[in-house]
Amino acid sequence: MDGGGAERWSAVADEWSSFWGSLARPVWSPLIEHAGVGQGTRVLDVGCGTGELLAHLAGLGARPAGVDPAPEMRAHARVRVPTAEVRDGHAEHLPFPDAGADVVVAVNALQFAGDVLAALAEMSRVLAPGGAVAVANWAEGARNDLDVVERAVAAAHDDEVPPDGELRQPGGLETALGEAGLEVVAAGLTPTPWRAPDDDALVRGILFGEDPSTMAELAPVLVDAARPFRTADGGYVLQNAFRWAVARTVA
Ligand SMILES: C[S@@+](CC[C@H](N)C(=O)[O-])C[C@H]1O[C@@H](n2cnc3c(N)ncnc32)[C@H](O)[C@@H]1O
């Protein structure tokens, strides 16, 4: 799904939570480690979605808050982490005061900002002196099995998957953070496999947001394209990767 609007994200909040909310879990550790998140750290999660990272941060003893423009995504996040304040807003106009966060994270979300540099400027504004910005998103399509199946699905409709955005390219996150006046202190590439236990989950997980007739039409295409990723137990493992970077404000 592309960036879409808040309504589109709201419409798929249940599916996101079920199938994708923990996809980026492997990058949480390097982001948390290099940003120095610990007991009592005030962390703002921009584009918090259904709140899985908020819950993880709360479990570490940090003080997480979230912001997301999609009401149903926020509703999931609030149920998941009742102690976290979750506000309506966009990365480009964060509804939080200056210097109120020790760390700002954005996982699989920065790319949806209409103006990435404006979003990074906002993330810097809400950071306390010495704070860190920690961002992560999908690596370039060539590293993702998901890309293979999405290409097959798009081709069935004489369509193509959109080209990789700059943030997905090697060095893309670091360049954007540097252009925003931040100093990159760590960056990496982390495997983020996605698993589906059976054909039904594969289809519902990848075609979420499609109407039932389109889903039925595309299901055989998808199952066929995913055959190389099938496991002995009838499930699927798609190997993917996320790029991530952590930066600090320059004194
Ligand atoms: C792919 S989901 C990722 C959610 C969550 N961060 C995760 O890792 O599961 C993208 C989220 O970004 C939100 N979003 C879209 N445009 C945004 C923007 N301009 N600023 C902040 N969040 C945005 C969507 O509503 C959605 O919840």
Side-chain angles (χ1 to χ4, degrees), residues 1-32 35 37 43-58 64-81 84-96 101 103-126 133-139 141 144 146 150 162 164-165 167-168 173 176 180 190 192-195 205-206 208-209 240-245:
M1 134 170 303
D2 62 16
E7 277 179 29
R8 290 190 64 198
W9 280 110
S10 272
V12 298
D14 290 349
E15 288 87 348
W16 186 264
S17 179
S18 297
F19 294 111
W20 295 100
S22 295
L23 169 76
R25 177 175 285 273
V27 297
W28 295 350
S29 296
L31 295 182
I32 285 166
V37 175
V43 186
L44 175 60
D45 183 2
V46 176
C48 64
T50 46
E52 287 79 0
L53 176 54
L54 293 176
H56 182 72
L57 292 165
V67 59
D68 199 289
E72 291 302 322
M73 301 294 260
R74 293 197 303 275
H76 272 271
R78 287 179 179 135
V79 168
R80 183 165 277 116
V81 197
E85 187 171 3
V86 180
R87 295 187 183 172
D88 178 12
H90 290 81
E92 305 91 313
H93 300 286
L94 293 173
F96 289 90
V103 173
V104 179
V105 297
V107 175
N108 200 1
L110 180 61
Q111 71 271 27
F112 298 127
D115 183 336
V116 168
L117 284 186
L120 288 172
E122 271 293 89
M123 291 160 75
S124 300
R125 177 185 64 76
V126 301
V133 172
V135 290
N137 54 223
W138 288 89
N144 303 316
L146 182 66
E150 286 190 333
D164 291 332
L167 296 178
R168 295 176 67 158
L173 284 171
T190 297
T192 50
W194 184 75
R195 294 180 175 81
I206 293 182
F208 71 91
N240 305 297
F242 265 47
R243 294 192 178 279
W244 58 270

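Reckoned from all heavy atoms, side chains included, excluding hydrogens, waters and symmetry mates. Ligands are counted one by one from 1 in listed order, and the atoms in each one are counted from 1 as well.
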Run the numbers on V107 and L53 for side-chain contact (heavy atoms from CB on, under 4.5 Å), then give the verdict.
CA-CA 9 Å; V107 175; L53 176 54; 3.9 Å; yes
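Looking at G89 next to ligand 1, no N or O pair under 3.5 Å apart turns up. For D45, no nitrogen or oxygen atom sits less than 3.5 Å from a nitrogen or oxygen atom of ligand 1, counting backbone and side chain alike. At least one N or O atom of W16 sits closer than 3.5 Å to an N or O atom of ligand 1. Taking distance alone, with nitrogen or oxygen atoms compared against 3.5 Å, M73 stays at or beyond that limit from ligand 1. Polar contact with ligand 1: present for V107 (N/O pair, distance under 3.5 Å).
When every heavy atom of W9 is checked against every heavy atom of A70, the shortest pair comes out as CB-CB, 3.6 Å. Closest approach of L54 to A77, counting heavy atoms only: CD1-CB, 4.1 Å.
Within the 3.5 Å criterion, the main-chain N or O of E122 finds no donor-acceptor partner in the side chain of E92. Side-chain atoms of R243 do not come within 3.5 Å of backbone N or O of A139 as any donor-acceptor pair.
Comparing heavy-atom distances from atom 12 (O) of ligand 1 across A118, G47, S10 singles out G47 as nearest.
Close approach of ligand 1 to E92 is summarised as follows: ligand atoms under 4.0 Å from at least one heavy atom of the residue are 19 (N). Listed by number with element, the atoms of ligand 1 under 4.0 angstrom from any heavy atom of A70 are 25 (O). Numbered from 1 in the order shown, with element, the atoms of ligand 1 that lie under 4.0 Å from a heavy atom of G49 read 4 (C), 27 (O).
Between F242 and the options N108, L31, N144, a side-chain contact (heavy atoms from CB on, under 4.5 Å) holds for only N108.
Look at E85 and R87 and you find a salt bridge, because one of the NZ, NE, NH1 or NH2 atoms lies within 4.0 Å of a carboxylate O, short of that distance. Salt bridge E52/R25: absent, no basic N to carboxylate O contact under 4.0 Å.
Residue contacts with ligand 1, taken as heavy atom pairs separated by less than 4.0 Å, do not involve A24 at all. Under 4.0 angstrom from ligand 1, the non-hydrogen atoms of F112 come from both its backbone and its side chain.
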